[in-house]
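A quick write-up on the structure given underneath.
Chain naming here is simple, since letters A, B, ... match the order of the sequence lines and numbering starts at 1 in each.
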Amino acid sequence: MSTNGNPPPSDFIRQIVADDVAAGNNGGRVHTRFPPEPNGYLHIGHAKAICINFGVAAEFGGPCNLRFDDTNPVKEEQEYIDAIIEDVRWLGFDWADRLYYASDYFEAMYGWAEELVQKGRAYVDDQTADEIRAARGSLTEPGVESPHRNRPAAESLDLFRRMRAGEFPDGTRVLRAKIDMAHPNINLRDPIMYRIVHAAHPRQGDAWCIYPMYDWAHGLEDSIEGITHSLCSLEFENHRPLYDWFIDAINDGRDEPIHHPRQYEFARFNLTHTVMSKRKFRRMVEEGHVSGWDDPRLSTLRGLRRRGFPPEAIRNFMQRIGVSKVASTVDYALLEHCVREVLNRTSPRVMAVLNPLKVVVTNYPEGQSEELDAINNPEDEAAGTRKVPFGRELFIERDDFMEDPPRKFFRLAPGREVRLRYAYFITCQEAVKDASGQVVELRCTYDPATRGGDAPDGRKVKATLHWVSAAHAVDAEVRLYGQLFTEEFPEAKEGQDFLDCLNPDSLTTVSAKVEPSLAGAEPLKRVQFERLGYFCLDPDTTDEKLIFNRTCTLRDTWAKIQKRGRDA
RNA sequence: UGGGGAAUGGUGCAAUUGGUAGCACGCCUGACUCUGGAUCAGGAAGUUGGGGGUUCGAGUCCUCCUUCCCCAGCCA
């Protein structure tokens with residue numbers, strides 16, 4: 001799914017897949033899957049795996065399944081299943097009727113496990129968790145074989161069946177693969193295949209009290225679904241030999257071998273100014289540092305959605321960061337670039353004043369108003385035009401006026417003429433101040449001949465300001481977001497907790513005045529506030545109060561000039 | 001100290017598989033502009049982690065070294 005006319009991605013995984021197709025492997029078939037565990041909400045890190053799996057399949061004309069890896073009932077919940085489905089769909093992917101659950105394969109897995117026991121390739125171990133851990137050895141020392149390792153297959157089979165039947169309490173026995181306790185790859189030191197857990201499963205209820213471990217289950221799930229290319233992240237590279245061992249062990253002596261998927265691993269990525277783990281998100285939510293899993297500052301998919309990120313932008317971003325095996329940290333600016341790229345093309349423009357300063361147009365008749373034509377989106381002619389009301393009293397942005405402007409400030413100042421977008425040229429005659437010296441009102445004159453925004457005599461102005469008519473403006477709450485973390489790499493320093501880097505100013509709320517066309521907008525509606533940025537109507541919006549989230553600012557040259565001045 | 005991976009401008013990726021390093025983001029100029037937006041034009045920035053070797057020629061091949069990531073859950 002190329003969404004932006006970029007050349008189709010080419011990376012080491014796609015090359016492998018292309019080679020397989022060319023060689024006729026798997027009958028030329030390509031079938032992938034995205035296999036989340038329903039134990040939390042998806043974040044932008046998952047979006048990479050989603051885009052790769054669904055993307056590769058689509059590019060090669062094959063299907064991609066959505067499969068829940070629900071093998072651990074103590075951590076998984078239906079709520080997460082529903083949320084993940086919603087998020088993957090929002091990201092723009094479709095799995096037709098191929099929504100699967102690992103738990104639906106429990107019976108088949110169990111059958112294969114019994115076969116391995118009968119073949120002497122797996123055994124029931126009575127050791128405690130501590131004993132097993134102690135006997136596993138270390139990175140440099142081999143492990144020690146369990147005293148139960150060589151008990152008769154019939155005895156293990158009996159015990160395994162009784163494990164399933166619920167005769168034993170949690171933690172008393174496990175089923176282990178009989179591989180090699182001295183293997184240099186620790187994953188192959190007689191890994192556990194089943195543990196006893198008397199817990200209700202979100203989908204299986206109390207049908208089971210033994211549950212398969214990920215390593216045993218995952219390859220089998222892929223096998224059952226006929227997955228050709230199991231694409232996952234790098235930390236599972238060490239596990240691949242085990243998946244291969246399991247499939248080979250099942251197929252050993254079998255007339256009709258089960259399908260043997262091949263796994264390929266790619267690197268996850270980090271994003272500057274954020275964290276990327278369910279554990280950390282959970283902590284921020286539970287400790288109240290953010291409002292919830294969908295807080296617009298969070299890079300959960302729900303957070304990004306509420307923030308106003310278009311799914312297309314996230315997909316483009318994933319395409320831009322590519323696929324490799326290198327640990328990477330992507331600049332947040334690239335994500336913002338992708339967001340602006342699609343929002344610039346698609347967002348209706350609208351005028352809103354975030355920090356209102358009152359302007360009285362002294363030569364405009366009192367009580368009069370008129371409607372002016374405004375272009376909805378200069379990047380999209382089909383978006384048409386709308387009417388914007390104008391009157392004697394207006395609001396402009398406080399930042400757009402300076403009583404004593406520096407050289408490069410082009411906007412309004414005493415005696416200076418600027419354009420009000422789509423309206424008139426106005427000239428500032430006087431700045432009215434309160435007792436404290438704060439400017440509270442501007443008294444300006446307008447040139448009736450410049451209606452619509454152009455001067456018949458051809459004279460130019462240096463600046464165009466956005467504005468709203470005071471009589472027609474609608475009040476709105478606008479939530480301005482900054483980086484959640486002050487550091488590019490939260491927690492990068494020794495002994496520092498990532499929460500130490502929380503930005504205390506990541507959320508600022510202002511009372512704004514917006515043009516009346518915004519009244520009644522539907523939640524999640526994305527717009528551009530001219531000259532300010534992209535905004536999205538928050539679902540907290542009520543009939544009484546509009547609430548907007550700032551998705552991101554526009555690129556702002558003036559802000560850059562100011563910043564340079566400050567730094568200098 | 002065991003095993004598995006990885007090193008290319010600041011960042012993320014390319015390099016027709018041995019032919020003389022390119023793209024994007026970011027940054028800096030300038031043009032244009034009824035958004036200081038967008039757009040357009042240009043620029044700075046790489047001894048391809050390091051040493052040795054093979055070759056007419058190495059980011060690509062060999063070799064030694066360095067650094068970084070992952071693995072010792074009855075988590076996934």
Side-chain angles (χ1 to χ4, degrees), chain A residues 6 9-11 35-37 39 69 71-72 74-76 125 127-129 132-134 136-143 170-176 182-189 191-197 210-211 213-215 217-218 232-241 265 267 269 272 278 320-338 340-341 344-345 349 351 374-375 378-379 408-411 418-423 425 450 452-454 460-466 488 528-533 553-561:
Chain A
N6 291 340
S10 158
D11 51 64
E37 183 192 16
N39 69 342
D69 213 319
T71 56
N72 184 0
V74 309
K75 289 189 174 176
E76 296 153 8
D125 193 352
Q127 295 184 104
T128 64
I132 289 176
R133 187 182 319 117
R136 189 147 28 223
S138 73
L139 295 179
T140 51
E141 301 155 330
D170 291 3
T172 52
R173 277 176 239 267
V174 290
L175 184 72
R176 290 232 254 170
H183 200 105
N185 179 344
I186 293 180
N187 296 127
L188 285 276
R189 315 242 260 233
I192 292 167
M193 296 165 63
Y194 279 93
R195 73 283 214 191
I196 302 172
V197 180
I210 58 170
Y211 288 92
M213 295 289 290
Y214 175 88
D215 279 342
H218 198 79
C232 67
S233 45
L234 231 37
E235 67 268 30
F236 295 105
E237 207 165 20
N238 293 332
H239 298 245
R240 185 180 356 121
E265 307 86 7
F269 72 103
T272 59
K278 285 181 192 170
R320 298 264 197 136
I321 68 175
V323 181
S324 72
K325 302 187 78 159
V326 198
S328 63
T329 301
V330 180
D331 195 333
Y332 193 87
L334 179 60
L335 215 207
E336 278 201 322
H337 167 81
C338 292
R340 291 194 183 107
E341 185 180 54
N344 175 51
R345 223 176 52 226
R349 317 281 129 128
M351 290 196 283
I375 294 166
E379 304 292 321
K408 288 183 176 165
F409 185 85
F410 303 153
R411 288 110 96 145
V418 298
R419 169 169 40 234
L420 294 180
R421 182 143 230 228
Y422 302 125
F425 286 11
T450 58
D454 284 303
K460 300 288 182 197
V461 289
K462 286 278 266 184
T464 300
L465 309 187
H466 60 276
E488 254 192 328
Q528 182 196 104
F529 288 173
E530 296 232 20
R531 302 209 301 138
L532 296 174
T553 60
L554 257 27
R555 279 184 65 227
D556 190 343
T557 314
W558 170 239
K560 205 173 276 181
I561 292 169

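The side chain of A:P184 lies closest to B:G3, out of B:U35, B:G3, B:C71. Among B:G36, B:G12, B:A38, the nucleotide with an atom closest to any side-chain atom of A:I321 is B:G12. Comparing B:C71, B:C13, B:G36 by their nearest atom to the side chain of A:D556 picks out B:G36. Comparing B:G36, B:A38, B:G73 against the side chain of A:M213 picks out B:G73 as the nearest. When distances run from any side-chain atom of A:T557 to the nucleotides B:G37, B:C75, B:G26, the shortest one goes to B:G37. Closest approach to the A:A333 side chain among B:G37, B:U35, B:C25 is made by B:C25 (side chain taken as heavy atoms from C-beta onward). With B:G12, B:G36, B:A76 as the candidates, the nucleotide lying closest to the side chain of A:S328 is B:G12. Minimum atom distance to the side chain of A:V174 is reached by B:C74, of the listed B:A7, B:C74, B:G37. Of the listed nucleotides (B:U11, B:U1, B:G73), B:U11 has the atom at the smallest distance from the side chain of A:D331. The side chain of A:I192 sits closest to B:C74 out of B:A72, B:C74, B:A76.
Distances shorter than 4.0 Å separate none of the side-chain N or O atoms of A:R136 from OP1 or OP2 on B:C71. In this structure, A:R531 reaches the B:G36 phosphate: one of its side-chain N or O atoms is under 4.0 Å from OP1 or OP2. Within the structure, every side-chain polar atom (N or O) of A:R189 is placed at least 4.0 Å from both OP1 and OP2 of B:G2. Under 4.0 angstrom from either OP1 or OP2 of B:C74 there lies no side-chain N or O belonging to A:R173. The side chain of A:K560 places an N or O atom within less than 4.0 Å of a non-bridging phosphate oxygen (OP1 or OP2) of B:C27. Close to B:C74, at under 4.0 Å from its OP1 or OP2, lies no side-chain N or O of A:T128. The phosphate of B:A76 has OP1 or OP2 within less than 4.0 Å of a side-chain N or O from A:T71.
A:E341 has its CD atom 13 Å from the C1' atom of B:U39, to the nearest Å. With rounding to whole Å, A:H337 atom NE2 is found 12 Å from B:A38 atom C1'. Across the protein-nucleic acid pair, A:Y214 atom OH and B:C74 atom P stand 16 Å apart, rounded to whole Å. Rounded to an integer number of Å, the gap from CG of A:L139 to C1' of B:G73 is 15 Å. Whole-Å rounding puts the A:I132 CD1 to B:C74 C1' distance at 7 Å.
The pair A:E37-A:K75 does not count as a salt bridge, with every side-chain nitrogen at least 4.0 angstrom from each carboxylate oxygen. Of the charged side-chain nitrogens involved, at least one lies within less than 4.0 Å of a carboxylate oxygen, so that A:R320 and A:E341 count as a salt-bridged pair.
In terms of polar N and O atoms assigned as donor or acceptor, the side chain of A:R555 never comes within less than 3.5 Å of the base of B:G36 in a complementary pairing. Taking 3.5 Å as the limit, the base of B:C71 and the side chain of A:N187 contain no donor-acceptor pair of atoms between them. Residue A:E488 places no side-chain atom within donor-acceptor reach of the base of B:G10, judged by atom type and a 3.5 Å distance cut-off alone.
For B:G10 and B:A44, the C1' atoms lie 12 Å apart once the distance is rounded to whole Å. One C1' atom belongs to B:G43, the other to B:G4, and the distance between them is 44 Å to the nearest Å. Taking atom P in both B:G52 and B:C74, one finds a spacing of 48 Å when rounded to whole Å. Here the separation of B:A24 from B:G5, taken at their P atoms, is 34 Å to the nearest Å. Of the C1' atoms belonging to B:C32 and B:U48, the separation is 39 Å, rounded to the nearest Å. For the C1' atom pair drawn from B:G73 and B:U66, the interatomic distance equals 33 Å after rounding to whole Å. B:C61 sits 24 Å from B:C68 when the P atoms are compared, rounded to a whole Å. Remark: the separation of the C1' atoms in B:C28 and B:U47 is 25 Å, to the nearest Å.
When only modelled atom types and interatomic distance are considered, A:H466 and A:R531 share a side-chain donor-acceptor pair under 3.5 Å.
Nucleotide B:G22 is matched to B:C13 when pairs are restricted to Watson-Crick or G-U wobble geometry with both distances under 3.5 angstrom. Here B:G2 sits opposite B:C71 as a Watson-Crick or G-U wobble pair (both hydrogen-bonding atom distances under 3.5 Å). Partner assigned to B:A7 is B:U66, using Watson-Crick or G-U wobble distances below 3.5 angstrom.
The residue among A:P378 and A:V330 whose nearest nucleotide of RNA chain B lies closer to the 5′ end is A:V330. Along RNA chain B, the nucleotide closest to A:F529 and the one closest to A:G322 are compared, and the more 5′ of them pairs with A:G322.
Between the side-chain ring of A:F410 and the base of B:G36, a stacking contact exists by the 5.5 Å and 30° definition.
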Quiz item: Can A:W558 and A:F410 be said to form a ring-ring contact (aromatic ring centres under 6.0 Å, His included), step by step?
Solution: CA-CA 9 Å; A:W558 170 239; A:F410 303 153; 7.4 Å; no
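Checked against A:F269 for a side-chain contact (heavy atoms from CB on, under 4.5 Å), the options A:V326, A:V323, A:V330 give a single hit: A:V330.
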